[in-house]
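All values below come from the heavy atoms of this structure, side chains included, with hydrogens, waters and symmetry mates left out.
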Amino acid sequence: MMKKLVMAGVVLLFLFSQNTGNAEAADRNVRATWLWNPWMIYSDEAGTLAFLESKQVNKVYVQIDADIPPAVYRSFIEKARVKGMRIFALDGAPGWVAPNGTVHQDKLMAWIKSYQNGSTTAQKFAGIHLDVEPYLYSGWNTNRAATVKAYQALLTKAKNSAAALALPLEADMPFWFDEISYKNTYGKGILAEWVIAKTDSVSIMSYRDTAPFIIELVKNELAFGQKHGKTVVVGVETGQTDEGDSISFYEEGEAYMNGQLAIINGHYATHPAFGGIAIHHVDSWKTMAP
């Protein structure tokens with residue numbers, strides 16, 4: 001009997017270590033993408049899943065649209081999980097930092113709470129991913145200090161809401177937030193470090209098209225991540241843009257992009273804060289040159 005109990009304990013310990021290792025691997029070996037058009041999973045769930053699987057995606061930030069029946073998200077998440085993908089609820093807009101902007105965040109969190117409560121374990125979102133971009137709100141130029149503080153208040157509230165749902169909170173962040181300082185009721189320091197410290201993970205919008213440039217752009221964020229025990233995911237762009245031909249991999253195509261991403265992965269492979277790569281976004285990735 002004692003031998004059986006010991007063996008059972010060994011098996012449980014092994015399973016626990018395997019699960020812990022898998023969770024850590026999932027946090028570190030991310031190959032993610034943004035799915036901004038959730039009607040894709042409404043009209044072509046199989047095709048969308050096939051595309052994501054063909055690109056070896058293991059994490060998807062899926063836009064929440066209240067007009068889409070929850071059953072559509074439930075079906076997609078359940079099938080995606082079988083294929084090794086974790087699905088995060090995505091939303092956000094610059095107007096969320098406006099004086100009345102919290103109403104949008106409240107609606108999102110209420111929707112997620114209702115959705116999670118009505119879903120099986122296999123159908124639930126694995127986390128929340130916010131893309132707010134406060135610098136596109138008019139107040140960023142007219143009263144930056146107040147807008148930065150409003151953004152910090154937004155993330156603080158979101159973190160509390162996510163914790164109440166037992167979900168991790170992630171955020172998108174431009175690479176240049178390490179040049180933005182703050183001094184307010186949240187203390188004083190660098191905004192990039194504050195966001196990394198207050199969320200579970202960030203995706204850096206490091207939108208350039210050469211590995212050396214991207215490696216340089218994200219080094220401060222990775223240092224902040226290491227300091228605070230958080231992961232940082234490096235994001236790249238595939239869409240056509242009028243901001244110059246060094247922003248996106250649109251001009252060079254997918255094979256070149258994959259080569260550059262391999263260099264980035266290789267460079268940061270052993271960095272404790274490097275979480276992986278995120279590719280923006282499904283629509284443009286699907287149509288980019290080979």
Side-chain angles (χ1 to χ4, degrees), residues 30-40 43 48 51-52 55 57 59-65 88 90-98 101 104 129-144 147-148 150-151 154 170-180 191-192 195 202-221 232-265 276-290:
V30 168
R31 186 169 169 86
T33 191
W34 289 260
L35 199 159
W36 287 110
N37 177 15
W39 290 97
M40 292 171 65
S43 61
T48 303
F51 172 80
L52 295 169
K55 302 303 182 186
V57 168
K59 189 174 187 179
V60 191
Y61 318 134
V62 178
Q63 171 72 44
I64 299 305
D65 186 330
F88 277 55
L90 167 67
D91 205 359
W96 285 28
V97 295
H104 305 294
H129 193 97
L130 296 184
D131 182 281
V132 176
E133 303 188 40
Y135 45 89
L136 297 179
Y137 175 63
S138 59
W140 187 263
N141 295 320
T142 58
N143 192 342
R144 182 167 300 177
T147 303
V148 167
Y151 179 62
L154 180 157
E170 301 180 347
D172 292 331
M173 186 176 81
F175 64 83
W176 49 265
F177 264 14
D178 59 8
E179 300 171 7
I180 304 297
L191 185 57
V195 174
V202 297
S203 295
I204 306 297
M205 294 180 277
S206 46
Y207 294 168
R208 293 295 184 269
D209 62 4
T210 63
F213 207 157
I214 294 169
I215 287 167
E216 178 68 19
L217 280 182
V218 301
K219 67 178 184 180
N220 290 338
E221 286 72 18
V232 173
V233 174
V234 176
V236 297
E237 179 64 88
T238 63
Q240 192 172 13
T241 175
D242 56 8
E243 296 179 45
D245 61 7
S246 65
I247 302 296
S248 173
F249 286 104
Y250 172 82
E251 296 86 4
E252 295 84 3
E254 187 171 14
Y256 172 82
M257 177 182 76
N258 285 335
Q260 297 302 297
L261 296 184
I263 294 170
I264 296 166
N265 269 314
I277 299 289
I279 296 163
H280 189 261
H281 54 101
V282 171
D283 277 328
S284 54
W285 194 3
K286 284 181 79 171
T287 58
M288 78 183 299

For the pair Glu133 (side chain) and Tyr135 (backbone), establish whether a donor and an acceptor sit closer than 3.5 Å, ignoring hydrogens and angles.
no
Supply the atom-to-atom distance Leu90 CG to Leu35 CG, rounded to the nearest 0.5 angstrom.
9.0 Å
Identify the two heavy atoms, one from Glu221 and one from Phe175, that lie closest to each other, and give their separation to 0.1 Å.
OE2-O, 2.9 Å
Pick out which of Ile204, Ile279, Ile247 makes a side-chain contact (heavy atoms from CB on, under 4.5 Å) with Val236.
Ile279
Rounded at 0.5 Å granularity, tell me how far CD in Gln260 sits from OH in Tyr256.
3.5 Å
For the atom pair CD (Glu216) and CD1 (Ile214), what is the distance rounded to the nearest 0.5 Å?
12.0 Å
Which atom of Thr147 lies closest to which atom of Pro134, heavy atoms considered:
CG2-O, 4.0 Å
If you apply the rule side-chain contact (heavy atoms from CB on, under 4.5 Å), what do you find for Val233 with Lys59, and how did you get there?
CA-CA 11 Å; Val233 174; Lys59 189 174 187 179; 5.5 Å; no
Would you find a donor on one side and an acceptor on the other, under 3.5 Å apart, between the side chain of Thr33 and the backbone of His281?
no
Shortest non-hydrogen contact between Asp91 and Ile64, atoms and distance:
OD2-O, 4.3 Å
Between Ser203 and Tyr61, is there a side-chain donor-acceptor contact under 3.5 Å, judged purely by atom types and distance?
yes
Between Asp131 and Trp34, is any side-chain donor less than 3.5 angstrom from a side-chain acceptor?
no
Testing the basics here: between Val97 and Tyr151, what is the closest heavy-atom pair and its distance to 0.1 Å?
CG1-CA, 3.8 Å
dist Glu254:CD -> Leu261:CG (nearest 0.5 Å) comes out at 9.5 Å
Tyr250, OH: over 12 other non-hydrogen atoms inside 6.0 angstrom:
no
Atom pair CD/CD of Glu251 and Gln240 - distance to nearest 0.5 Å
7.5 Å
Consider only side-chain N and O atoms of Asp65 and Trp39, and report whether a donor and an acceptor are under 3.5 Å apart.
yes
